[in-house]
Amino acid sequence: MKKSLIIGAVLVVLAGILILPSLRIVQQEHVAVVRRLGVAHEVLYPGIHMRFWFIDELERFNVTIQDSSMQFSAHSTDAQNVFGQVSIQYRINIQNTMNIIREFGTMSQLQAMLYPALLQETQNVFAMKPAMDLVQQRANLGPEIWQNLTPIAAQFHVTITNVALEDMSFSDEFERAIDRVAVADQELRRSELDAARDLVYANRDLEVTRIAGQELILQAEAEAQALQILQDVWGDLTPAVREVMLRQQAIDRWDGVLPRVVGEGFDLILGDLDLVGVVATEE
């Protein structure tokens, strides 16, 4: 009985020695490659796995997005020196983990080959454009680099998730030339705005003049029509009526001041007006 207990205890201890270390945990956002006796055997995904520690070795890979910041220098097509820094974010393709192990060995070895390839292709983007195009198209350079790096990264079984151009500079002389161009461009824009404003004002004044002219034309036409009507009516009047109307108009328009000198026809205009009473009133 005692011997059986001892044997059982030994077996439990041996099982603990063999089993407990063989329980392997793969954390979230990781995968693990099982190397059995040094040879890549399989890929384990997050969870608890049983792999014997004395024959299986686990190599874990972080499958979250990795960030690499690279400094570069290049020559534009017009022989200007370009300096800059680009941030490249990528992640490994989980389904190709075994291929990464077989082709590159470890993640460190993969990165040692991946980074120079990405840097070279980034420099190629800047080497295919003149310097002023690089300045004017700066906002588009990140997406363009991303597009060019995608097939390169696929050869290493990784996916580019974002590319950002963090910095770009040129020689001091070229930077001064860029500043001069910017100032000239601002002055040109200001001149264009001034010209556009003057054109608006000129069009406004022209419209005001046109409307005023139309109003004068309408007024002249109305006066002409009124005069024509008056002439037509006047022509139909008898001489006696005309004389009465002329006298009435003279009286209506007279300001009450007697003229110092009068000629013939004065009494014809004033007619029966009581001049003595008027004079007495004035005195």
Side-chain angles (χ1 to χ4, degrees), residues 26-33 35 40 43-46 58-182 185:
V26 179
Q27 302 289 343
Q28 289 292 333
E29 301 177 344
H30 289 77
V31 294
V33 174
R35 290 183 179 273
V43 177
L44 300 181
Y45 296 95
L58 268 60
E59 183 175 348
R60 292 172 173 79
F61 287 77
N62 189 333
V63 295
T64 59
I65 294 177
Q66 307 292 310
D67 191 356
S68 175
S69 185
M70 303 180 183
Q71 293 183 341
F72 66 88
S73 62
H75 296 282
S76 62
T77 56
D78 51 356
Q80 293 293 335
N81 294 323
V82 187
F83 310 95
Q85 183 169 317
V86 63
S87 174
I88 302 174
Q89 295 181 337
Y90 66 94
R91 58 177 174 79
I92 67 171
N93 298 329
I94 298 176
Q95 66 274 18
N96 293 334
T97 304
M98 189 62 71
N99 292 331
I100 292 175
I101 292 297
R102 291 170 179 169
E103 296 176 22
F104 302 100
T106 65
M107 193 63 187
S108 297
Q109 291 172 330
L110 168 69
Q111 292 172 339
M113 300 178 66
L114 173 65
Y115 291 167
L118 298 181
L119 180 59
Q120 180 62 50
E121 189 59 33
T122 299
Q123 292 172 322
N124 290 341
V125 172
F126 289 86
M128 293 187 295
K129 299 177 183 291
M132 285 306 301
D133 285 358
L134 293 174
V135 174
Q136 296 170 356
Q137 301 173 11
R138 176 167 182 163
N140 300 324
L141 290 176
E144 184 175 348
I145 296 171
W146 187 350
Q147 181 178 1
N148 286 22
L149 294 185
T150 297
I152 302 298
Q155 299 175 12
F156 294 86
H157 307 295
V158 302
T159 298
I160 303 294
T161 59
N162 188 45
V163 174
L165 180 61
E166 297 180 336
D167 184 43
M168 183 178 67
S169 60
F170 301 85
S171 64
D172 293 341
E173 181 179 355
F174 188 74
E175 292 282 359
R176 288 191 292 269
I178 293 176
D179 292 338
R180 290 194 295 269
V181 170
D185 185 63

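In this pair, Phe104 and His157 present their aromatic rings perpendicular. The plane angle is above 60°, beyond the 30 to 60° band.
Nearest heavy atoms, Gln66 versus Asn62: NE2-CG, 3.6 Å. Nearest heavy atoms, Arg91 versus Thr64: CB-O, 3.9 Å. Scanning both residues, Pro130 and Ser76, for their nearest heavy atoms gives C-CB, 4.1 Å. The minimum heavy-atom distance linking Ala74 with Gln123 is given by the pair CB-O, 3.9 Å. Between Thr77 and Met128 the shortest heavy-atom distance is CG2-C, 3.4 Å.
Other residues, nucleotides and ligands contribute only 12 or fewer heavy atoms inside 6.0 Å of the CE atom of Met113. Annotation for Glu29: atom CD does not count as buried by contact number, only 12 or fewer foreign heavy atoms lying within 6.0 Å.
With Ser69 contributing its side chain and Ser87 its backbone, the two residues share no donor-acceptor pair below 3.5 Å. Side chain of Asn93 to backbone of Gln95: no donor-acceptor contact under 3.5 angstrom is found. Panel note: side chain Asp78, backbone Ala131; a donor-acceptor pair is recorded below 3.5 Å. Remark: side-chain polar atoms of Gln109 are paired, donor with acceptor, to backbone N or O of Thr106 under 3.5 angstrom.
Applying the ring-ring contact (aromatic ring centres under 6.0 Å, His included) test to Phe61 and every residue at least two apart in sequence or in another chain returns nothing.
For the atom pair CG (Leu114) and CE (Met107), the distance works out to 7.5 Å, reported to the nearest 0.5 Å. Taking CD of Gln155 as the reference point, atom OG1 of Thr150 lies at 11.5 Å (rounded to 0.5 Å). Expressed to the nearest 0.5 Å, how far CG of Asn140 lies from CG of Leu165 amounts to 11.0 Å. Considering CZ of Arg60 and CG of Leu58, their distance stands at 5.0 Å, rounded to 0.5 Å. Here the CD-CE distance, from Gln137 to Met132, works out to 10.5 Å after rounding to the nearest 0.5 Å. The distance from the CD1 atom of Ile160 to the CD1 atom of Ile145 is 11.0 Å, given to the nearest 0.5 Å.
Within the 4.5 Å cutoff, the side chain of Val33 has heavy atoms near those of the Thr97 side chain. A 4.5 Å side-chain heavy-atom check between Leu118 and Met70 finds at least one atom pair inside the cut-off. Between Glu103 and Asn96, the closest side-chain pair of non-hydrogen atoms is not below 4.5 Å. Side-chain atoms of Leu141 and Met168, non-hydrogen and from C-beta on, do get closer than 4.5 Å to each other. Within the 4.5 Å cutoff, no side-chain heavy atoms of Ile92 are placed close to those of Phe156. Counting only heavy atoms from C-beta outward, the side chains of His30 and Val63 never approach each other to under 4.5 Å. Proximity of Leu149 to Val163: side-chain heavy atoms (C-beta onward) are separated by under 4.5 Å at one or more points. No side-chain heavy atom of Asp67 sits under 4.5 Å from any side-chain heavy atom of Asn162.
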Next item on the list: Show your working on ring-ring contact (aromatic ring centres under 6.0 Å, His included) between Phe72 and Phe126 and close with a plain yes or no.
Entry: CA-CA 10 Å; Phe72 66 88; Phe126 289 86; 4.6 Å; yes
Next item on the list: Could you walk me through whether Ile88 and Trp146 pass the side-chain contact (heavy atoms from CB on, under 4.5 Å) test, one step at a time?
Entry: CA-CA 8 Å; Ile88 302 174; Trp146 187 350; over 6 Å; no
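Counting only residues at least two apart or on different chains, the salt bridge (Lys or Arg N to Asp or Glu O under 4.0 Å) pairs with a member in residues 140-164 are Lys129-Glu144.
In this structure, a donor-acceptor pair under 3.5 Å is present between the side chains of Gln111 and Tyr90.
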